[in-house]
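To start, the structure itself, in structure tokens.
Convention: sequence-line order gives letters A, B, ...; per-chain numbering from 1.
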Protein chains: 2
Amino acid sequence: MSTNSIRRETTVADVAAVAKVSKAQTARALGGYGAVSSDVRSRVLEAAEQLGYRPNMLARSMNTGRSHTIGVVVGDIQNPYFSLAMRAISDTAQPAGYDVLLINTGEDAPAEREAVRVLQDKRVDGFIIAPVLSDDNAHLQAVVDSGRPLVLLDRAVEGLDVDVIATASEQASFEAAQLLLENGHERVAYISTLRTRSNRYEDGFALGSTPVAQRLGGMRRAFKEAGKEFPSSLVRLNAGTDENIRQTVRELLAPPFDATAIMASDSVIALSALEEIANAGLNIPTDLSFVMFDDLPWTRLVTPPLTVVSQPVYELGVAVATALIRRLRGGKAPETTFEAKLINRGSVAAPPTPKP
Amino acid sequence: MSTNSIRRETTVADVAAVAKVSKAQTARALGGYGAVSSDVRSRVLEAAEQLGYRPNMLARSMNTGRSHTIGVVVGDIQNPYFSLAMRAISDTAQPAGYDVLLINTGEDAPAEREAVRVLQDKRVDGFIIAPVLSDDNAHLQAVVDSGRPLVLLDRAVEGLDVDVIATASEQASFEAAQLLLENGHERVAYISTLRTRSNRYEDGFALGSTPVAQRLGGMRRAFKEAGKEFPSSLVRLNAGTDENIRQTVRELLAPPFDATAIMASDSVIALSALEEIANAGLNIPTDLSFVMFDDLPWTRLVTPPLTVVSQPVYELGVAVATALIRRLRGGKAPETTFEAKLINRGSVAAPPTPKP
DNA sequence: ATGAAAGCGCTAACAA
DNA sequence: TTGTTAGCGCTTTCAT
């Protein structure tokens, strides 16, 4: 017990009093800026130590204009894709002196707009956002206009000129579709959570340059090269809840769709889909072929091991944080390219009734 | 293009000028406090709208002393346990008006201490911490002394009198061990990431009231009731990296340990262990029985489906956030109890050479 | 209900 | 190098 009767934080003024120097000099010594004689510095530091001084970052931020905090907005932190990316962002930002204010939107567009507003109000130095919608940019444009750097993760947004860190997946999707075609599949379904205005995927449907657009593009190309018609009616977007996904799977497997292969655009979808497939008593790959985007450890443990399209998610997270930090330091974001890769394990085989 | 030549944020003063009221009244109208006539309020709000006014939360925080931000410190956000808890915390804090500053420590004690310091400097209103060590409380005690509420997630810390939200797992562990014993297992190994000073688990080893202590306690009880000796030498703590875990598994399966069953204390460990087991050409459950703590969707998809001890992780996250928010509002944290549950699926069977 | 003025804890100009 | 004086944008006395 010593001098802590009334809980008041010690301030520069207190330290200054003990060190017997002006507040300004004290602040300079403590903040590590300006010119301070080593004599004064040591006296100040000692006094600070003795008083247990801790700087009030809010006050500091207020007049420097920098909070040393970056805002991260994702749809679902529970999704391994994002939690891994988050880990990478955190690992990268920390040593650079930035902390992370995380907002989860639950893949809800209004929530994302609100998140951006909150982060702006809290004066974060920069933003990393994995946007829910690819064609809704007003709030993001506002960020750009505010002069605070913004880097997009995973998907681009129409008409928004900012750095985007994403994985090129056209080629890997092409190869995945090709693999399915070679095995005799034509009724290939694709399920994604991507939020769009319309539910149906039509030819020429505007998906911008989202991963989904690339993936569907790759698949189309494979079908075209094979001289087959791409089954647009088997593309399902806006897959949200577990139940929603299961129902979609049931639908796709029944007439008139009769899918013989399913591609799940992320691991969350895959998990729901695989359970539903098991429930239906269907066996992979004999009854149905399956491809999942993202590679997770458990995909090697299931029977059969899953054929996947893997992305370097951790590296993506590092890159997005690095890009933002460069911008924050007034530089340009480094050019980085990431390519998805098809890993053929055991969940693709010929459909039960191969077409000629 | 109108009035945005020099990028200066609009402030209460600006709004006051347009609304033709004093700065004080404007601030009151904008901040929703004090007494403001409806006439003034509407004029202020209109002016604010017109100028696109956004409050500077840093400034606001500086004199209210509340940042409406809570600090969350976890070991590994990539671990599904934490990312799910994080999701729950976020879902709970958001509607209550709190944002989340997340710091990942990589299960490193010094990093945790630093994290706490940073969060204190940033003046977060409260803390949610899943402590790395259970016997290192100086930095946490400092938080308590600062008067800012702290709630512990998952594990308690010796000598620290704060709310702890965790799962009671003694009974479920007892049942798990009992199940193994009934099946004829005596060489039961337990692998955990828990950081301790010593690597070996000895009788009476002080693990406080960590989940691991409870689990081992439950297992001991089962062995005792069965009149068997508990194989302390098969308990492995400090399991860190993937390679580390794999090596531990190899060791445990070989003489002189000859484990016939492995219990993995979380899903990350389980994943590494299962791969190593597969690499060794061992079959579950015929060659080896396996139990994992935490229930994840993929455990139902592997062959055989895994016998697990499940915890209500999302509920835990909600509870920890709720407790903190109650404290922040000056109340007491609600009493909540969570009980782990054994779910026997298919990864436990008799060992290859049953003892009499 | 309103306004003037005094802070919050710090940094930034400006002199000395 | 040092100290003095203004602020940052907001809230909060304290009068009126």
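In summary, contact between chain B and DNA chain D, defined as any nucleotide atom under 4.0 Å from a heavy atom of the protein, begins and ends at D/dG9 to D/dT13 in the 5' to 3' direction.
Expressed to the nearest 0.5 Å, how far CD1 of A/I325 lies from CD1 of A/I89 amounts to 10.0 Å.
The distance between atom CG of B/L58 and atom P of C/dT11, rounded to the nearest whole Å, is 14 Å. For the pair B/M62 CE and C/dG7 P, the interatomic distance rounds to 13 Å; values are reported in whole Å. Atom CG of A/N56 is separated from atom C1' of C/dG9 by 6 Å (rounded to the nearest Å). As rounded to whole Å, 19 Å separates atom P of C/dG9 from atom CZ of B/R60. Put simply, OH on B/Y33 is 14 Å from P on C/dT2, counting in whole angstrom units.
Listed pair A/T11 / C/dG9 fails the phosphate criterion, with no side-chain N or O lying under 4.0 Å from OP1 or OP2. Within the structure, a side-chain polar atom (N or O) of A/Y53 is placed less than 4.0 Å from OP1 or OP2 of C/dC10. Contact check, B/Q25 against C/dG3: no side-chain N or O comes under 4.0 Å of OP1 or OP2.
Taking the nucleotide of DNA chain C with the nearest heavy atom to each of B/R123 and B/R41, the more 5' of the two is matched to B/R41. Ranked by how close their nearest DNA chain D nucleotide is to the 5' end, A/S37 and A/K23 are led by A/S37.
Taking 4.5 Å as the limit, some side-chain heavy atom of B/L328 sits within range of a side-chain heavy atom of B/Y98. Residues B/M86 and A/L102 form a side-chain contact, since some pair of their non-hydrogen atoms from C-beta on lies under 4.5 Å apart.
Here the side chain of B/A35 is nearest to one of C/dG9, C/dA5, C/dA1, namely C/dA1. Set against C/dA12, C/dA4, C/dC10, the side chain of B/R28 has C/dA4 as its closest nucleotide.
Within a 6.0 Å radius of CG in B/D39, other residues, nucleotides and ligands contribute more than 12 heavy atoms.
In this view, A/R28 satisfies the salt bridge (charged side-chain N to carboxylate O under 4.0 Å, His left out) rule with no residue, not counting sequence neighbours.
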Would A/S67 and A/D125 count as a side-chain hydrogen bond (donor to acceptor under 3.5 Å, both in side chains) if you check the C-alpha gap in whole Å, the side-chain angles of each, and the deciding distance to 0.1 Å? CA-CA 6 Å; A/S67 60; A/D125 291 346; 3.3 Å; yes

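The side-chain contact (heavy atoms from CB on, under 4.5 Å) with B/L152 is formed by just one residue from the set B/L160, B/I165, B/V320; it is B/L160.
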